[in-house]
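No experiment lies behind these values; they were computed from the predicted model shown.
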Amino acid sequence: MAAVLFLVGLPGSARGERDAVRIAVASNFVSTLRVLSNHFELAYHYRVHMIPGSTGKLYAQIRNGAPFDLFLAADVRRPRLLEESRDGIRGSRFTYARGRLALWSPRPGFVDDQGGVLHGEAFSHLALANPRLAPYGAAARAVLQKLNLWSVLQSRLVYGENIAQTYQFVAGGNAELGFIALSQLYRHGHKTSGSYWLIPQSLYPPIEQQAILIQATVPARAFLSYLGSEDAKKIIRDRGYDTPGGLP
């Protein structure tokens, strides 16, 4: 963590340089980043531009020269690859959040707290993010494999391009239930309606979400430093994530 705590000047010290930071962000973290950005912009007077998408697609765009300053991925692998290929700034990579996976339906009482609904015939469609592109989709696949349901449920699976689209499939009624990020159940600090199973972390690999600098601009360094602050960590925990240094 110490490696990313760059020296950041007082708010407004970078006048004359670019005054905005362009952040490529994994879909699951968009609503949390919006809150963080509001606090950051007020404190530092830099603007934040968000470019949301699946971690896999954003990674490909960066490799092809997309003009992003900072990448907030939903995994460790892509930031590490960017560091190794020198498309990301060496030493700037760190874990800013640990994600949790949930099985959710907007219908109250539909999903039980043990996930038993997955073994029955009460649903026709189960949504998850594309496991090839989205770490939360890969985690969902791991859960189904662990429960010996991956092959059994193939005909009922529907795939979102990313976790945001997966949430919309369920919220819009295209699937009765789906695997989403726990953070997506939070709205203004409160959980949304419906029923969900907070899936034990023993059923899927840890979802370590890492950040890495792509361009070492002053606003980007300032945001990365803010992201590691205790104020930012509290905001992240309040929206359903764990953070390095302890559970919420």
query = What pairs of residues pass the salt bridge (charged side-chain N to carboxylate O under 4.0 Å, His left out) test when at least one of them lies in residues 196-213, not counting sequence neighbours?
reply = R98-E208
Within residues 158-172 or reaching into it, pairs that qualify as salt bridge (charged side-chain N to carboxylate O under 4.0 Å, His left out) - sequence neighbours excluded =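 Sorted result for residues 158-172: K57-E161.
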Pairwise side-chain contact, [X] with [Y], heavy-atom cut-off 4.5 Å (strictly under):
X    : Y    : result
F179 : I199 : yes
I23  : D69  : no
L118 : W197 : yes

Restricting to non-hydrogen atoms, name the atom on [X] and the atom on [Y] that form the minimum distance, rounded to 0.1 Å.
X    : Y    : result
I207 : A74  : CG2-O, 3.6 Å
S85  : L82  : OG-O, 3.2 Å
T55  : A26  : OG1-CB, 3.6 Å
V152 : N148 : CG2-O, 3.8 Å

Honestly curious: do [X] and [Y] fall in one hydrophobic cluster under the side-chain, below-4.5 Å linking rule?
X    : Y    : result
Y241 : I235 : yes
I89  : L227 : yes
F68  : V25  : no
Y44  : V218 : yes
L70  : I62  : no

Full working for side chain to side chain contact (heavy atoms under 4.5 Å, CB included) between H39 and Y226 = CA-CA 10 Å; H39 287 252; Y226 167 71; 3.2 Å; yes
Check for a donor-acceptor pair, side chain of [X] on one end and backbone N or O of [Y] on the other, with a separation under 3.5 Å.
X    : Y    : result
S27  : G53  : yes
S92  : I212 : no
S225 : R221 : no
Q154 : W150 : yes
R22  : P67  : yes
Q184 : A181 : yes

request  = I would like to know whether R47 and D19 meet side chain to side chain contact (heavy atoms under 4.5 Å, CB included); could you show each step before the answer?
outcome  = CA-CA 6 Å; R47 289 176 291 116; D19 62 354; 2.9 Å; yes
query = Taking it one step at a time, do V48 and L36 satisfy side chain to side chain contact (heavy atoms under 4.5 Å, CB included)?
reply = CA-CA 10 Å; V48 173; L36 291 168; over 6 Å; no
key: R156 to F123, cation-pi by 6.0 Å centre distance and 45° axis angle   = yes
All N/O donor-acceptor pairs, side-chain side in residues 125-146, below 3.5 Å, sequence neighbours left out:
| residue | atom | partner | partner atom | Å |
| --- | --- | --- | --- | --- |
| N130 | OD1 | R132 | N | 2.9 |
| Y136 | OH | Q209 | OE1 | 2.6 |

Separation between [atom1] of [X] and [atom2] of [Y], rounded to the nearest 0.5 Å:
X    : Y    : atom1 : atom2 : answer
E84  : R77  : CD    : CZ    : 11.0 Å
Q165 : Q168 : CD    : CD    : 9.0 Å
N28  : T166 : CG    : OG1   : 11.0 Å
F223 : Y46  : CZ    : OH    : 13.5 Å

key: Trace of the side chain to side chain donor-acceptor pair (under 3.5 Å) decision for R237 with T243   = CA-CA 7 Å; R237 289 195 295 267; T243 58; 3.0 Å; yes
query = What is the ring orientation for Y96 with F94, classed by angle as parallel under 30°, tilted 30 to 60°, or perpendicular over 60°?
reply = perpendicular
Throw together a table of side-chain donor-acceptor distances under 3.5 angstrom for residues 100-112, partners on residues two or more places apart or in other chains.
| residue | atom | partner | partner atom | Å |
| --- | --- | --- | --- | --- |
| W104 | NE1 | S193 | O | 3.3 |
| S105 | OG | R107 | N | 3.1 |
| S105 | OG | E176 | O | 3.0 |
| D112 | OD1 | G116 | N | 3.0 |
| D112 | OD1 | V117 | N | 2.9 |
| D112 | OD2 | Q114 | N | 3.1 |
| D112 | OD2 | G115 | N | 3.0 |
| D112 | OD2 | G116 | N | 2.7 |

key: Carboxylate-amine/guanidinium contact E83 R80, below 4.0 Å   = no
task = Apply the test side chain to side chain contact (heavy atoms under 4.5 Å, CB included) to residues V21 and H49: give CA-CA distance (whole Å), side-chain angles for both, the deciding distance (0.1 Å), then the verdict.
result = CA-CA 6 Å; V21 53; H49 297 309; over 6 Å; no
query = Using a side-chain heavy atom cutoff under 4.5 Å and only I, L, V, M, F, W and Y, what cluster partners does F169 have?
reply = V158
request  = Please report the C-alpha distance between S229 and D231 in whole Å, then the side-chain angles of each, then the deciding distance to 0.1 Å, and finally whether the side chain to side chain donor-acceptor pair (under 3.5 Å) criterion is met.
outcome  = CA-CA 5 Å; S229 70; D231 287 347; 5.3 Å; no
ask   = What residues, two or more places apart in sequence or in another chain, satisfy ring pair (Phe, Tyr, Trp, His ring centres under 6.0 Å) together with Y59?
value = none
N162 and Y167: side chain donor to acceptor below 3.5 Å = no
